[in-house]
Structures are given as C-alpha cells and as structure tokens.
Amino acid sequence: MAFESLSDKLSGIFKKIRGQARLTESNMDEMLKEIRIALLEADVNFKVVKEFTNNIKEKAIGQEVLLKLNPGQMLVKIVHDELVDLLGSEDSEIHYATTRPTIIMMVGLQGSGKTTSTGKLAYLMKNKLKKKVLLAAGDVYRPAAIDQLAQIAESVGVDLVNLGTKISPVDIAIKAKEKAFNEHYDVLIIDTAGRLQIDEQLMDELNNIKAAVSPDEILLLVDAMAGQDAVNVANAFNDKLSLTGVIMSKLDGDARGGAALSIRHMTGVPIKFAGVGEKMGDLDIFHPDRMADRILGMGDVMTLVEKAQEEMDEKEARKSVNKMMSGKFDLEDMLDQMRKVQRMGNLGGLMKLIPGMPKISPEQQAAAEKEMRNFEVIINSMTPEERHNPTVFKYSRKVRVANGCGKSIADVNKVLKKYDQMKEMMKQMETYRKTGRMPPGMGGMGGFPM
C-alpha cells in the first residue's frame with residue numbers, strides 16, 4: 001500500500017505514547033514533531049502538515065488529553081479523525097442522473113493511465129454497480145489509445161463509440177451523447193486526449209467538449225507516485241475545468257502517499273476512486289474513513305467483506321460454511337475456497353485489511369501464493385474419487401498424482417496434511433459455536449503458513 005511506510009512510523013509513535021502513563025506538553029511536542037517528520041517524508045504538502053499537527057495539538061488540549069491517565073487511545077482517535085477530515089470527511093460517490101444518462105468526462109495527462117482507468121471505471125459500474133455503460137473514444141491524436149479502449153471495452157463487455165481519428169473530439173462526444181440518450185444507457189464515459197504537459201490547446205479542447213455535452217462529472221486521473229506534482233496537476237485542471245473528482249491510481253504501489261493526503265485539502269476536489277492494482281477489477285470507491293483506518297494499522301474489515309460478497313453468492317457461501325463446519329468438506333471444497341480467496345486479491349493485500357494481523361514480507365507472500373498454486377495443481381491431478389474421499393489415498397495413488405503433476409510425494413503429503421488440519425480446525429470451530437468456549441490452540445488462522 002502507498003502509505004505503508006507512513007503507517008509503520010505512526011504505529012511506532014503511538015506505541016511509545018501508549019507506554020507512558022501520562023502525556024505532558026513536552027512529550028506531546030516530541031510526538032507531534034515525529035508525526036510532522038513522518039508526513040513530510042511521505043511527501044505530504046508542508047502547509048497541510050503544519051495545519052494537521054496544529055489541529056491535533058489544539059484538539060488534544062481542548063479535550064484535556066494531557067490530564068488523562070491513558071492518553072494514547074484518545075490521541076489515536078484525534079489523529080484518525082484529522083486524517084479522515086484531510087482525506088475528505090465523507091464518501092464522495094458519483095451523483096447519478098435519475099431520468100437520463102449520467103455523463104462522465106475523463107481527463108488527465110498523457111501517460112497517466114487514463115485510458116486504462118476509464119476501462120476500470122466501466123468495469124466497476126457494470127459489474128459492481130449494475131449500470132448499463134457506454135464508452136466513447138475521444139483521443140483522436142493517438143490511434144493506439146483508441147485501439148486500447150476498444151480492446152478494453154470488449155474485455156469488460158461494454159459498448160464503445162469509436163468513430164476513428166478523422167472526426168473532432170467534440171463531435172465524437174456529441175454523437176456518443178446522442179447514442180447514450182437514444183439507447184437508454186445509464187452511464188456514458190468519455191475518454192479524452194491528454195498531453196505530456198498542460199497547455200492552452202488541451203484545455204480549450206476539453207472546455208469545448210464540456211460545453212457541448214454538459215458532463216455531470218469531470219474526473220481527473222492522477223498517479224499517486226507523482227507526489228506533489230499530482231497536486232499541481234489537479235490545481236491546473238481544476239482552475240480550467242472545475243473538476244468534480246479525482247481518481248488516484250497506484251495506491252497499491254510503493255508511492256509514499258503524500259499526494260492522496262494533500263490533494264483534497266489543497267484543491268478542494270474529492271478523491272472518488274482509488275486504483276489498487278493492474279486488473280480491470282482493481283478500482284475501488286474511495287472511503288476516507290477506511291483509508292484512515294489502514295494508515296493507522298486498524299485494517300479495513302468493510303472492504304474485506306465487500307470483496308468477499310463480490311466473489312461469493314450468499315446462499316452458496318452459507319451452504320459451504322455449513323458443510324465445512326460439519327467437517328464433511330472434501331478436497332474439492334478446499335480447492336474452491338482457495339480459488340475464491342485468490343480472486344479477492346493478493347494475500348498480502350487481504351491480510352492488511354484484517355485488524356491486528358501481522359505483516360508478511362514479500363518473500364513470505366510469494367511463498368504462500370506459490371504453495372496455493374502447487375496445491376491447486378496437485379488437487380487437479382487427483383481423480384474425482386480421491387478429491388471427494390481423501391481416505392482412499394495409499395502410496396501408489398500418491399506416486400501416480402505426483403508423477404502426473406510433476407511434484408514430489410512430499411508435496412502430495414503436504415496437501416493431505418493441510419486438508420486434515422483444516423478439517424480438524426473446523427471441528428473445533430463447531431465445538432466453539434455450540435459451547436461458546438474457544439478450544440485450545442485456536443489463536444492462529446489455520447490457513448497457509450506464512
């Protein structure tokens with residue numbers, strides 16, 4: 001996550017504060033100094049940092065935190081609330097028109113990933129929000145951009161207005177709007193041209209499109225890795241176009257995250273969506289409170305639940321849970337659960353959403369994901385009888401499975417051992433459900449070794 005370094009530093013600061021019986025003006029000033037340094041190192045705008053730390057001190061004094069016996073928790077809450085306020089206080093979702101198509105205009109610099117993000121937004125609206133979506137290819141200066149959007153539209157399963165490069169972007173937008181109205185689409189997303197830098201020609205063209213189709217939303221795509229440049233770009237586009245929102249890409253990467261913490265405060269433009277990966281489904285609605293939770297190491301249970309709901313039918317999930325809790329599940333069920341977890345995202349990213357979970361290194365994550373892939377290959381090499389009734393396994397069967405998938409007998413034994421462990425764990429969980437007492441040794445996840 002982009003805020004990982006900042007999150008680690010803030011966690012260390014709060015750990016020191018919790019270790020002190022009382023908070024004095026002296027150690028509070030020291031804490032604020034460390035927070036200030038952590039934010040500046042995360043590339044947060046210095047004006048934002050100054051106001052942020054001043055607000056924390058003012059609220060801490062106003063709520064008499066210095067007089068409390070255990071000031072740590074209250075300080076964490078104050079910092080959390082300030083982070084939420086900095087990121088936008090409230091969710092800023094798309095405001096959809098009720099009696100006509102909602103028109104969204106995508107803008108940004110060339111090379112920022114705007115066309116890909118346009119496709120991701122179409123995917124989110126079609127698959128998660130159940131909208132009928134139409135895309136329009138308005139970047140007539142780069143045939144490659146039109147070809148790319150055509151491929152994306154086909155992969156996502158949405159319609160595209162592609163009139164080539166011989167027609168003006170304004171006319172493309174007008175014709176796309178006519179199609180959206182006539183054929184009753186819910187949303188029209190117009191991908192516009194970008195430039196390597198902001199210039200009058202670009203802004204004139206974008207303003208002409210805006211005047212021609214009156215978009216409900218004008219969304220700017222900015223790269224989280226651009227740091228303070230992202231804030232400058234947002235200010236320039238906002239001055240000319242009056243932006244309604246920002247899509248922040250690469251929030252899953254190694255960026256320091258300062259752009260996300262600065263942009264809302266410095267421009268007044270809310271972050272509406274966050275890019276969290278390379279796949280078409282890796283665009284999330286931005287929730288300031290959830291992002292603040294993640295920055296402070298509190299996890300993000302709501303996002304985890306939503307990811308699970310997207311991948312699992314409620315009735316099937318209930319049926320699967322009952323089967324597993326009864327101890328009757330087989331290797332086929334174990335494989336099905338593994339695949340559902342994999343579809344939800346990478347293992348490291350999912351663990352960060354669970355409060356209190358230990359962090360895993362990239363090496364541990366790679367090892368766990370490799371083991372899951374090995375398990376899938378091995379189970380796929382088994383016969384239906386073996387998957388549904390693992391007790392039939394003898395040495396000769398293990399040899400056949402190992403040879404069939406290019407693995408060792410030890411690898412096959414590892415799968416069977418993991419299955420037995422999960423089965424035993426589910427029996428213990430059923431005992432807990434009936435008695436309300438957690439069985440001994442149930443502190444861990446019972447999943448794949450990290």
Side-chain angles (χ1 to χ4, degrees), residues 92-108 110 112-194 201-221 237 240-247 270 272-273 275 280-281 283 285 310:
S92 300
E93 298 184 21
I94 297 293
H95 298 289
Y96 296 97
T98 54
T99 59
R100 58 173 178 78
T102 300
I103 301 175
I104 299 172
M105 186 173 157
M106 294 285 288
V107 301
Q110 187 175 314
S112 62
K114 176 169 49 60
T115 299
T116 300
S117 292
T118 298
K120 289 180 178 181
L121 184 58
Y123 180 95
L124 183 148
M125 290 186 165
K126 175 180 180 286
N127 292 285
K128 298 180 183 180
L129 304 179
K130 308 305 178 186
K131 303 290 184 183
K132 183 182 178 183
V133 181
L134 176 66
L135 293 179
D139 188 353
V140 299
Y141 309 106
R142 290 195 310 127
I146 295 177
D147 294 340
Q148 180 188 3
L149 195 62
Q151 292 171 4
I152 289 172
E154 184 177 359
S155 68
V156 172
V158 299
D159 295 328
L160 172 69
V161 175
N162 179 0
L163 302 178
T165 60
K166 304 298 184 183
I167 183 171
S168 78
V170 174
D171 289 337
I172 292 171
I174 291 172
K175 291 183 181 300
K177 180 178 179 179
E178 290 173 357
K179 180 178 175 68
F181 272 71
N182 293 338
E183 299 181 25
H184 307 292
Y185 285 87
D186 297 315
V187 179
L188 166 63
I189 307 175
I190 304 171
D191 182 30
T192 65
Q201 183 182 358
L202 170 65
M203 290 303 174
D204 286 345
E205 181 178 290
L206 295 176
N207 269 311
N208 289 338
I209 295 173
K210 177 183 176 181
V213 299
S214 301
D216 301 281
E217 299 274 353
I218 302 177
L219 302 182
L220 171 70
L221 190 283
F237 273 91
K240 299 290 185 180
L241 296 171
S242 299
L243 299 172
T244 62
V246 165
I247 298 178
K272 296 203 172 187
F273 299 96
M280 278 295 113
L283 185 73
I285 295 171
E310 288 167 16

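Only heavy atoms go into these numbers, but all of them, side chains included; no hydrogens, no water, no symmetry mates.
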Can a donor-acceptor pair be found between the side chains of Tyr96 and Glu217 at a distance below 3.5 Å?
no
Min side-chain heavy-atom separation Val246-Lys272 under 4.5 Å
no
Between Val140 and Pro169, the two heavy atoms sitting closest are CG2-CG, 3.8 Å
Interatomic spacing from CD in Glu154 to CD in Gln151 - rounded to 0.5 Å:
8.0 Å
Between Arg100 and Asp216, is there a side-chain heavy-atom distance shorter than 4.5 Å?
yes
Out of curiosity, Ile146 CD1 to Asp139 CG, how far, rounded to the nearest 0.5 Å?
6.5 Å
Any donor-acceptor pair under 3.5 Å from Ser112 side chain to Gly108 backbone:
no
Are any non-hydrogen side-chain atoms of Pro101 and His184 less than 4.5 angstrom apart?
no
Side chain proximity check, Lys114 to Ile247, heavy atoms < 4.5 angstrom:
no
State, with a plain yes or no, whether a side-chain heavy atom of Phe237 is found less than 4.5 Å away from one of Leu206.
yes
Do Ile189 and Met125 come close enough that some side-chain heavy atom pair is under 4.5 Å?
yes
What closest approach, in Å, do Leu135 and Ala153 show between heavy atoms, and which atom pair accounts for it?
CD1-CB, 4.0 Å
How close do Leu188 and Ala180 get, heavy atom to heavy atom, and via which atoms?
CB-CB, 4.1 Å
As an exercise, state the distance from CG of Asp186 to OG1 of Thr98, rounded to the nearest 0.5 Å.
11.5 Å
State whether Tyr185 and Lys131 meet the cation-pi test: NZ (Lys) or CZ (Arg) under 6.0 Å from the six-membered ring centroid, and within 45° of the perpendicular axis.
no
Residues Asp159, Lys126: salt bridge by 4.0 Å N-O rule
no
Hey, could you give me the CD/CZ distance between Glu178 and Phe181, rounded to the nearest 0.5 Å?
10.0 Å
Taking atom CD1 of Ile285 and atom CG of Leu124, what is their separation to the nearest 0.5 Å?
5.5 Å
Could you walk me through whether Thr115 and Asp191 pass side chain to side chain donor-acceptor pair (under 3.5 Å), step by step?
CA-CA 6 Å; Thr115 299; Asp191 182 30; 3.0 Å; yes
Tell me the closest heavy-atom pair linking Leu241 and Ile218, and the distance in Å.
O-CD1, 3.6 Å
Run the side chain to side chain donor-acceptor pair (under 3.5 Å) check on Thr192 and Glu205 step by step: do they pass?
CA-CA 9 Å; Thr192 65; Glu205 181 178 290; over 6 Å; no
Report the distance from atom CD1 of Ile103 to atom CE of Met105, rounding to the nearest 0.5 Å.
11.0 Å
Pairwise side-chain contact, Met106 with Leu121, heavy-atom cut-off 4.5 Å (strictly under):
yes
For Ile167, is there any backbone N or O sitting under 3.5 Å from a side-chain donor or acceptor partner on Asp171?
no
Return the minimal non-hydrogen interatomic distance between Ala150 and Leu160, and the atom names on each side.
CA-CD2, 3.4 Å
Taking all non-hydrogen atoms of both residues into account, name the closest pair between Ala212 and Val170 and its distance.
CB-CG1, 3.8 Å
Are side-chain heavy atoms of Leu219 and Phe273 found at a separation under 4.5 Å?
yes
Pair Glu183 + Lys132: basic N to acidic O under 4.0 Å
no
